[in-house]
Protein chains: 2
Amino acid sequence: MTPHPAPRPEPPAQERGRRRRASLLKAAVALLAEGGFAAVTHRAVAHRARLPLAATTYYFASRDQLLAEAFAELVEAELDTTRDWITRHGLPALADHVAAADRARQLGLWELYVHAGRDPVLQQIARRWTDGCVRIVADVLDVPASDPRARLLYTAVSALWLEHLVEQRPLSQARALLTLALDLTLDHAGPTTAEETS
Amino acid sequence: MTPHPAPRPEPPAQERGRRRRASLLKAAVALLAEGGFAAVTHRAVAHRARLPLAATTYYFASRDQLLAEAFAELVEAELDTTRDWITRHGLPALADHVAAADRARQLGLWELYVHAGRDPVLQQIARRWTDGCVRIVADVLDVPASDPRARLLYTAVSALWLEHLVEQRPLSQARALLTLALDLTLDHAGPTTAEETS
DNA sequence: GGCGAAGTGGTACGGGTGTACCGATTTTAC
DNA sequence: GTAAAATCGGTACACCCGTACCACTTCGCC
C-alpha cells in the first residue's frame, strides 16, 4: 500500500516537484553560505524557499542528506568559478579573487570541509573539491595533474586562502606569500622526484 | 547587595571555586576534542566535571565565553606539544607526528579555527595559534620569525595536515609532499642541508 | 471518468538547548 | 558571634530542533 510513508524514493518525477526540490537545495546552499552549518535547519530552509516545513522531509530523507547535497552543489559551483577566474586572470592574481570573494560563503564551505572529516559521505565530496582544485592548478601550470608540484602549490594556496579568510590579516601579506610560493614552485623546474605516475 | 544576580565578576576568589572552574574548563576542552564544537553544551560539561548544571553558568558568563577559554587552552596545549615534538625529532619527521596525533582532537581544533572566522574573540586566539606555529618553524629553521619562508612553510604544512586529517589519504602522499615542501623552501637560500632519512 | 499514486501542508511529539531563578549553604569580614 | 557576601544546586522556562503523522489535493494514466 504505502499510503504515504514515502520517505523519499527517487527524483521527484513530477515537474513541479523537481522545481521545489531544487528550490529547497538552493535555499540550503544560501543558508550554508550565510550562517554556516548550524543555520541549515529544516525550518530555515523551508521558510527561505517559501515552502511548508514538511517539504524538506518529503524531498530529503534527512538533514544530513540535505546538507550533503548542498555541500556538493556548493563545491561544484566553487570549482567552476575558480577555474573560470584562474584561466582568465592567471595564478599570480589569485589574491584578488580571494579578496573579492564572498567571505561568509567561503567560511561556510570550509566549515563543511572540516566537518567532512567526521562524515564519510561529506569526505568524498571534500576529496572531489581538492582534486578539482589540484586539476585546475595543474592545467594552468601545464603539468600533469599527478605532478607533486601542482599538488603542493594548491595546498599552499588553499591554506593561504583559509588563513586569510579566518584571521583577516592584511591582504598584502597573503599576496606576498602567494608570490613567494609561485617563485619557489616554478624555480624548481627540475625533475622533481615524481615517484608514481598513474 | 547583589544577592545572586552574579553573572560572573572576576576570578572565583575562593580556592574551591578556582578548582571547580578549572575542572569545568578541562571538561570543556576534552569534549571539544572529542566531539568538536557542538558537543560542548552546559549539560555535557557539567556532567563530565561531575558538577551540577548551574555551575557552568555560575563560572562562565555564557557558552561562548566557555568555548573561547577552552579554545585558548587547547591551542596553548597544542603549541607546547608541537614545539616539543619538532625540536626533538626535526621537521622532516613531522608526518609521523601527524599520523600519531589524536584525530578527533585535531578535527575539533580545526573546527574551532574555522569558526573563529565568524567570531572576533576566537579570531584572536586563532591568530595566536598561527603565530605560535610560525615561530616554531622559524626557530627550527634558524631564521627570524618574520622570514616569509618560515611563514610559507608553516602554511603549506598546516594545509597538508588539515588535508590529511579530513580526507584521510594515504600517509605516504603527505610525507612526499612534506619532503618536497622542505626541499623547495630550503633550496632557495637554505643555510642548512637537512640530513635526509627516508 | 475514475482511481491509485504522488505530492502537499498544517500540526504535534519528544527531546535537547541556554539560561534564569531562588532557597539553602558555606565562607569571609568585622 | 554575626551578618553580609559568595557560592551552590535543584528546578523551571522558553525556545528550537528533527521528524512523524495524516487528512487533503492534484496528477498520470488506463
Side-chain angles (χ1 to χ4, degrees), chain A residues 1-25 27-28 31-32 34-70 115 119 121-122, chain B residues 1-25 27-28 31-32 34-70 115 119 121-122:
Chain A
M1 288 305 247
T2 65
H4 26 257
R8 195 72 304 271
E10 287 308 300
Q14 270 181 225
E15 171 53 24
R16 183 156 97 117
R18 256 169 283 133
R19 258 190 291 121
R20 281 179 150 232
R21 192 179 199 279
S23 159
L24 284 171
L25 208 48
L31 285 167
L32 196 54
E34 285 170 20
F37 201 74
V40 184
T41 70
H42 283 156
R43 282 165 179 83
V45 170
H47 183 261
R48 182 162 194 127
R50 288 177 209 276
L51 290 176
L53 169 59
T56 57
T57 64
Y58 185 72
Y59 290 110
F60 298 90
S62 70
R63 179 182 182 253
D64 283 348
Q65 194 203 322
L66 174 56
L67 223 51
E69 294 202 30
H115 190 78
D119 181 334
V121 177
L122 298 186
Chain B
M1 298 296 248
T2 61
H4 27 259
R8 197 75 299 275
E10 284 312 298
Q14 273 179 222
E15 171 51 24
R16 183 157 96 118
R18 256 170 281 134
R19 257 190 291 122
R20 281 179 150 229
R21 191 180 199 279
S23 159
L24 284 171
L25 207 48
L31 286 168
L32 196 55
E34 285 170 20
F37 199 77
V40 184
T41 70
H42 282 154
R43 281 166 181 81
V45 170
H47 182 261
R48 185 167 192 121
R50 288 180 211 275
L51 290 177
L53 169 59
T56 57
T57 63
Y58 186 71
Y59 289 110
F60 299 91
S62 71
R63 180 182 182 255
D64 283 348
Q65 194 204 322
L66 173 57
L67 221 53
E69 294 202 30
H115 189 78
D119 181 333
V121 176
L122 298 187

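Per chain, numbering begins at 1; letters A, B, ... match sequence-line order.
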Student: Can you tell me the distance, in whole Å, between the NE2 atom of B:His47 and the C1' atom of D:dG9?
Tutor: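 The answer, rounded to whole Å, is 15 Å.
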Student: Roughly, in whole Å, what's the span from CG in A:Leu67 to C1' in D:dT19?
Tutor: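 Rounding to the nearest Å, CG of A:Leu67 and C1' of D:dT19 are 16 Å apart.
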Student: Could you tell me whether B:Thr56 contacts a base, only the sugar-phosphate backbone, or nothing, with contacts defined as non-hydrogen atoms closer than 4.0 Å?
Tutor: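 Here B:Thr56 touches no strand at all.
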Student: What residues, two or more places apart in sequence or in another chain, satisfy side-chain hydrogen bond (donor to acceptor under 3.5 Å, both in side chains) together with A:Arg63?
Tutor: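 A:Arg63 satisfies side-chain hydrogen bond (donor to acceptor under 3.5 Å, both in side chains) with no residue once adjacent residues are dropped.
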Student: Taking the six-membered ring of B:Tyr58 as reference, does the cationic atom of B:Arg21 (NZ for Lys, CZ for Arg) lie under 6.0 Å from its centre and within 45° of its axis?
Tutor: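 B:Arg21 over B:Tyr58 ring: no.
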Student: So which pairs with a foot in residues 37-47 of chain B pass side-chain hydrogen bond (donor to acceptor under 3.5 Å, both in side chains), sequence neighbours left out?
Tutor: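 Sorted pair list comes back empty.
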Student: Classify every nucleotide of nucleotides 11-17 of chain D by which part a protein heavy atom approaches to under 4.0 Å, writing B for the base, S for the sugar-phosphate alone and - for neither, in 5'-to-3' order.
Tutor: BB----B
Student: Sequence neighbours excluded, which residues qualify as side-chain contact (heavy atoms from CB on, under 4.5 Å) partners of A:Ala27?
Tutor: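 Partners of A:Ala27 under the side-chain contact (heavy atoms from CB on, under 4.5 Å) test: A:Val45, A:Arg48, A:Ala49.
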Student: Between A:Phe60 (CZ) and C:dT8 (C1'), how many Å, whole number?
Tutor: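 Going from A:Phe60 (CZ) to C:dT8 (C1'), I get 16 Å.
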Student: If you find the nucleotide of DNA chain C closest to A:Pro52 and the one closest to B:Arg16, which residue's nucleotide is nearer the 5' end?
Tutor: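 Checking each residue's closest nucleotide, the 5'-ward one belongs to A:Pro52.
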Student: Atom OH of A:Tyr58 to atom C1' of D:dT26: distance rounded to whole Å?
Tutor: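 Nearest whole value for this atom pair: 11 Å.
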Student: Once you round it to whole Å, what is the distance between C1' of D:dT26 and CZ of A:Arg20?
Tutor: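 After rounding, the gap between these two atoms is 11 Å.
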Student: Go through the structure and list residues passing salt bridge (charged side-chain N to carboxylate O under 4.0 Å, His left out) with A:Arg19, not counting sequence neighbours.
Tutor: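 Per chain and number, A:Arg19 pairs via salt bridge (charged side-chain N to carboxylate O under 4.0 Å, His left out) with A:Glu15.
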Student: For A:Gln65 and D:dG18, what is the distance between atoms CD and P respectively, to the nearest whole Å?
Tutor: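 For the pair A:Gln65 CD and D:dG18 P, the rounded distance is 15 Å.
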Student: Rounded to whole angstroms, how far apart are CG on B:Leu66 and C1' on C:dT19?
Tutor: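 Those two atoms, CG and C1', are 13 Å apart.
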Student: Can you list the residues that meet the side-chain contact (heavy atoms from CB on, under 4.5 Å) rule with B:Ala54, with sequence neighbours excluded?
Tutor: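 Once residues adjacent in sequence are excluded, B:Ala54 has no partner under the side-chain contact (heavy atoms from CB on, under 4.5 Å) criterion.
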Student: For C:dA6 and A:Arg18 - does any side-chain N or O of the residue sit under 4.0 Å from the phosphate oxygens OP1/OP2?
Tutor: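 No, outside the criterion.
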